[in-house]
Asker: 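One structure, as structure tokens, below. Some questions next.
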Amino acid sequence: MSIETRRSFCRFCHAGCAIDVDVDTVSNAVLGIHGVQDDPMYEGYTCVKGRNLGGQHEHPGRLRSSLKRTGDVLNPIDTNVAFDEIADKLAGILEKYGPRSIATYCGTAAYQNATGLPIAAAFHNAIGSESFYTSSSIDQPGKAIAPLRHGAWAAGVQGFETADVAMVIGCNTLVSTFGYPGGIPGFNPLVRLRQAKERGLYLIVIDPRLTEVAHYADLYLPVRAGEDPTLLAGIIRQILATDAYDKDFCGQYVNGLDELRIAVDPFTLDYVSQRAGVEQDLIVTAAQKFAEGPRGAVTTGTGPDMAPHSSLTEHLVLALNTLCGRYNRAGETVYNPGGLMTPPGPVRAGVIAPKPEMLTKGSKSRMRDIYMQRGQAATSTLAEEILLEGEGQIRALFTLGGNPVVSWPDQRTTVEALRALDLHVLMDVHVSPSAQLAHYVIASTLSLERPDVPTTIDRWFDQPYQHYTPAVLEMRGDIRQEWQVYTEVASRLGITIKMAGGNITPGMKLTGDDVLDLIYANAKLPLSELRKYVGGHVFPEYITSVQPADPTSQARLEMVPAGIAEELKDVFRESNSGAVIHGFDPEVHTFRMTTRRLKSVFNSSGREVEKLRVREGTNFAHVNSLDLAELGIADGDTIEVASPKGSIKAVVKAADDVRRGMVSLAHAWGGLPDTPNDLSVVGSTTGALIDLQSGYDPITGIPVMSAIPVALRAVPVS
Ligand SMILES: Nc1nc2c(c(=O)[nH]1)N[C@H]1C(S)=C(S)[C@@H](COP(=O)(O)OP(=O)(O)OC[C@H]3O[C@@H](n4cnc5c(=O)[nH]c(N)nc54)[C@H](O)[C@@H]3O)O[C@H]1N2
Ligand SMILES: Nc1nc2c(c(=O)[nH]1)N[C@H]1C(S)=C(S)[C@@H](COP(=O)(O)OP(=O)(O)OC[C@H]3O[C@@H](n4cnc5c(=O)[nH]c(N)nc54)[C@H](O)[C@@H]3O)O[C@H]1N2
Ligand code: SF4
Ligand SMILES: [Mo]
């Protein structure tokens with residue numbers, strides 16, 4: 001055996017930790033993974049998933065050849081033959097039904113892969129199909145659209161590294177490593193958080209669960225799930241009432257302060273406290289401490305962005321930052337201006353004007369009128385777009401690094417839709433529940449087999465940091481990089497794909513590195529420069545200072561743009577977040593099911609690696625022990641969790657970090673419905689509880705995926 005250590009970065013999740021990979025150069029197997037102590041961003045950090053990359057790459061169910069389904073059986077097929085057949089079928093569908101009938105869904109694994117998603121999107125442009133969907137529209141889509149209504153500050157929000165105060169709403173970075181700008185960075189998050197606390201950060205956490213992050217809070221508000229709009233309106237009202245906002249900033253850059261006062265007026269301390277289940281003095285202190293700052297931002301994670309009124313919540317978050325003037329001003333240092341893989345541009349103070357007209361520009365879904373946002377259609381409509389007959393019906397689907405059966409909202413409709421497709425080509429590394437229904441499963445590379453740069457988190461780094469990795473493992477078997485599926489099919493159809501760095505023409509021979517060059521041709525940091533470094537590197541020459549605002553600009557941030565006052569009135573009228581769901585009965589649906597993430601798995605990835613799966617056991621339904629006692633349910637019992645839409649069974653775990661009236665349950669477990677599964681191993685799919693047709697956000701279409709009203713009851717184990 002000969003061992004070589006190769007530097008790379010982990011892509012089990014989006015966090016991109018720098019790693020050293022011990023490779024057996026004879027068998028090409030991963031022998032060990034270590035953090036890189038001298039990496040300037042991660043300083044040696046890795047998590048248990050990353051340390052099990054070897055198990056993921058080598059696990060016995062890893063696909064080394066592609067599969068084709070005949071009846072219910074998946075049989076191996078030569079991948080090039082599969083491409084011939086797929087191109088043939090696609091040509092027929094394109095001819096008969098037009099480009100919109102061909103869709104792509106990019107899941108999370110497409111975001112840990114700098115080449116897959118951009119080539120998929122470019123392929124869609126080439127064939128003229130707008131049916132391009134990703135997991136981001138069932139994640140936190142409110143974040144992307146909120147600035148279109150509010151406007152944005154060109155130089156960005158104040159970073160965590162200089163924050164005196166941080167308000168974190170429904171985000172558990174210590175488990176998820178999800179770190180949105182302004183919040184706790186997802187890179188070595190515990191060290192970042194501890195360092196910030198040592199220099200005096202005041203941390204406010206708002207979450208129905210006393211999370212790993214909340215353990216470090218100076219102030220913890222155990223909000224009732226689904227009541228963030230109410231709580232945020234109350235905090236804003238309190239800051240306005242105590243005159244604690246940034247009057248200079250608002251005077252110069254803000255419109256609609258008086259309208260904001262009127263809109264939040266009904267959200268009195270008494271009302272908010274009752275409704276959100278948070279004591280009044282905690283709300284007062286949160287408002288006071290946040291407004292005092294003087295630096296630091298409010299940020300959110302998936303919890304509030306999956307709960308009812310998520311676009312409104314994100315608007316109130318922006319409004320709160322604006323009210324307190326939490327933006328980088330002229331002369332201040334900006335460490336990572338927009339990410340190094342984006343095109344260059346100056347960093348200016350000043351307002352980027354709202355563009356509300358963009359919210360209703362372009363195509364919309366055939367049901368519920370959800371418009372495409374930033375080139376993507378809403379995944380919450382995709383199953384119905386497959387099922388609904390008529391002009392525009394989707395017939396063919398490419399799934400790139402996603403697992404719709406366990407991740408899309410409304411599992412039954414999802415499965416019905418996947419079964420109805422004429423052609424489903426799924427790129428994965430093992431036979432997932434979704435792969436079981438696909439027509440072709442293309443055996444795909446895993447991270448260490450691809451050259452790559454972390455691009456999803458490029459602008460989240462708090463330094464001008466980037467990391468190029470070559471492939472550190474050879475591709476073994478008849479497997480492909482995901483972009484190859486699109487270029488091979490395009491070649492066979494005689495289609496040219498246009499990229500920033502030039503065209504991909506039929507028959508062109510490309511490597512993964514060529515494709516990276518074609519995609520990131522206009523990056524601020526040229527890839528040729530980045531490739532000179534082995535491992536991650538900070539490029540201090542990109543640190544810049546904020547230029548003064550354009551004095552002629554009249555643009556202002558809008559506190560109450562069209563739709564906001566009305567939606568706040570709706571929230572007030574509903575008087576309970578569950579009321580947005582059809583069939584909600586306050587006497588029956590007395591619990592709220594909330595989303596959460598588990599340390600050892602990444603959505604549905606990792607469960608296949610037994611070493612990781614056993615660390616979690618299953619996706620337990622975490623319920624407060626006082627609630628369990630009242631319901632006569634014991635730890636370890638099987639319970640039924642029933643929403644107005646559907647019901648699932650789950651194994652219960654007593655968890656006193658969960659506030660009363662909640663059940664905290666991770667998604668993306670379980671398998672195909674109606675197949676007998678051992679709940680204590682395979683778990684259950686929370687997507688079955690989600691209603692597509694009621695309670696959805698009117699702009700992004702995201703359904704209520706957290707704070708779902710549910711009833712709990714014990715069921716005998718069958
Ligand atoms: N009820 C409920 N539903 C949810 C959520 C929730 O909180 N509650 N969360 C939502 C969120 S935030 C998201 S992002 C989505 C996630 O939704 P998806 O992305 O659809 O689900 P994942 O389980 O992440 O699927 C990833 C798939 O990619 C495969 N894979 C892993 N690595 C690779 C690779 O290198 N190449 C290829 N080709 N495949 C790979 C895995 O085996 C797995 O099958 O789920 C959403 N759904
Ligand atoms: N280990 C691991 N890491 C992951 C993932 C994983 O599966 N495992 N998934 C990845 C994905 S796809 C994403 S999008 C990110 C997400 O990253 P995060 O958003 O940090 O995800 P969670 O850890 O689920 O944190 C969500 C929090 O919201 C709270 N919450 C739920 N409902 C509400 C509500 O109505 N109001 C409020 N205020 N809080 C609420 C939950 O209690 C939970 O603590 O994580 C990513 N990282
Ligand atoms: S946090 Fe994410 S990127 Fe870092 S080691 Fe863990 S799985 Fe890998
Ligand atoms: Mo996500």
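For ligands, and for the atoms within them, numbers begin at 1 and follow the listed sequence. Throughout, numbering of the chain's residues begins at 1 and tracks the sequence.
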Asker: Output the list of atoms in ligand 2 that are nearer than 4.0 Å to some heavy atom of Lys599, sorted by atom number.
Answerer: 1 (N)

Asker: Has the side chain of Asp452 got a donor or acceptor atom that lies under 3.5 Å from a matching backbone atom of Ala114?
Answerer: yes

Asker: Taking 4.0 angstrom as the limit and counting only heavy atoms of Cys171, give me the atoms of ligand 2 inside it, by number and element.
Answerer: 20 (O), 27 (C)

Asker: Go through the side-chain N and O atoms of Asn113 and Thr115 and say whether any donor and acceptor fall under 3.5 Å apart.
Answerer: yes

Asker: Pull out every atom of ligand 2 sitting under 4.0 Å from any heavy atom of Ala307, numbered as shown with elements.
Answerer: 35 (O)

Asker: Any side-chain heavy atom of Thr104 sitting closer than 4.5 Å to one from Leu397?
Answerer: no

Asker: With distance as the sole test, does Arg659 use its side chain to make a donor-acceptor pair with the main-chain N or O of Gly277 at under 3.5 Å?
Answerer: yes

Asker: For ligand 3, which atoms sit closer than 4.0 Å to a heavy atom of Gly16?
Answerer: 3 (S)

Asker: Of all the atoms in ligand 2, which lie at a distance below 4.0 Å from a heavy atom belonging to Asp228?
Answerer: 34 (C), 35 (O), 36 (N), 37 (C), 38 (N)

Asker: How about Phe461 and Phe187: are their ring centres within less than 6.0 Å of each other?
Answerer: yes

Asker: For Arg374, does the CZ atom sit with more than 12 other heavy atoms under 6.0 Å from it, leaving out its own atoms?
Answerer: no

Asker: Answer whether the closest heavy-atom distance between the side chains of Trp669 and Val406 falls below 4.5 Å.
Answerer: no

Asker: For this output row, return yes or no: ring centroids of His467 and Phe9 closer than 6.0 angstrom.
Answerer: yes

Asker: So, are Glu482 and Arg450 salt-bridged, with charged N and O less than 4.0 Å apart?
Answerer: yes

Asker: Distance alone, cut at 3.5 Å: any donor-acceptor contact between the side chains of Ser176 and Arg597?
Answerer: no

Asker: Would Arg51 and His34 count as having a side-chain donor-acceptor pair, cut-off 3.5 Å?
Answerer: no

Asker: Hey, is ligand 2 close enough to Gly170 that some N/O pair sits below 3.5 Å?
Answerer: yes

Asker: Measuring from non-hydrogen atoms of Lys49 to any atom of ligand 2, is the shortest distance under 4.0 Å?
Answerer: yes

Asker: Select all protein residues for which some heavy-atom-to-ligand 1 distance is less than 4.0 Å, and list them by chain and number.
Answerer: Tyr105, Gly107, Thr108, Ala109, Ser135, Ile138, Asp139, Met306, Gly401, Gly402, Asn403, Ser407, Met427, Asp428, Val429, His430, Ser432, Ser444, Thr445, Leu446, Arg450, Glu482, Thr595, Arg597, Asn603, Ser604, Ser605, His667, Thr686, Gly687, Ile690, Met705

Asker: Can you list the ligand 2 atoms lying under 4.0 Å from a non-hydrogen atom of Ile169?
Answerer: 38 (N)

Asker: How does Thr211 reach ligand 2, if at all, at less than 4.0 Å between non-hydrogen atoms: by side chain, backbone, both, or neither?
Answerer: side chain

Asker: For ligand 2, find out whether one of its N or O atoms is nearer than 3.5 Å to an N or O atom of Asp207.
Answerer: yes

Asker: Are Arg592 and Pro709 side-chain neighbours, meaning at least one heavy-atom pair lies under 4.5 Å?
Answerer: yes

Asker: Check ligand 2 against Leu598 and write out every atom of the ligand that is under 4.0 Å from a heavy-atom position of the residue.
Answerer: 1 (N), 2 (C), 8 (N)

Asker: What about Phe602 and Phe12, are their ring centers closer than 6.0 Å?
Answerer: no

Asker: Can you list the ligand 2 atoms lying under 4.0 Å from a non-hydrogen atom of Val175?
Answerer: 1 (N), 2 (C), 3 (N)

Asker: Can you list the ligand 2 atoms lying under 4.0 Å from a non-hydrogen atom of Val223?
Answerer: 38 (N)

Asker: Look at the side chain of Asn677 and the backbone N and O of Val682, then say whether any donor-acceptor pair between them is shorter than 3.5 Å.
Answerer: no

Asker: Ligand 2 and Asn172, any nitrogen or oxygen pair closer than 3.5 angstrom?
Answerer: yes

Asker: At a cut-off of 2.8 Å, list the protein N/O/S atoms near atom 6 (Fe) of ligand 3, residue plus atom name.
Answerer: Cys47 SG

Asker: Indicate whether any N or O donor in one side chain lies under 3.5 Å from an N or O acceptor in the other, for Glu574 and His309.
Answerer: yes

Asker: Show the nearest heavy-atom pair for residues Gly170 and Asp207, with the distance to one decimal.
Answerer: CA-OD2, 3.5 Å

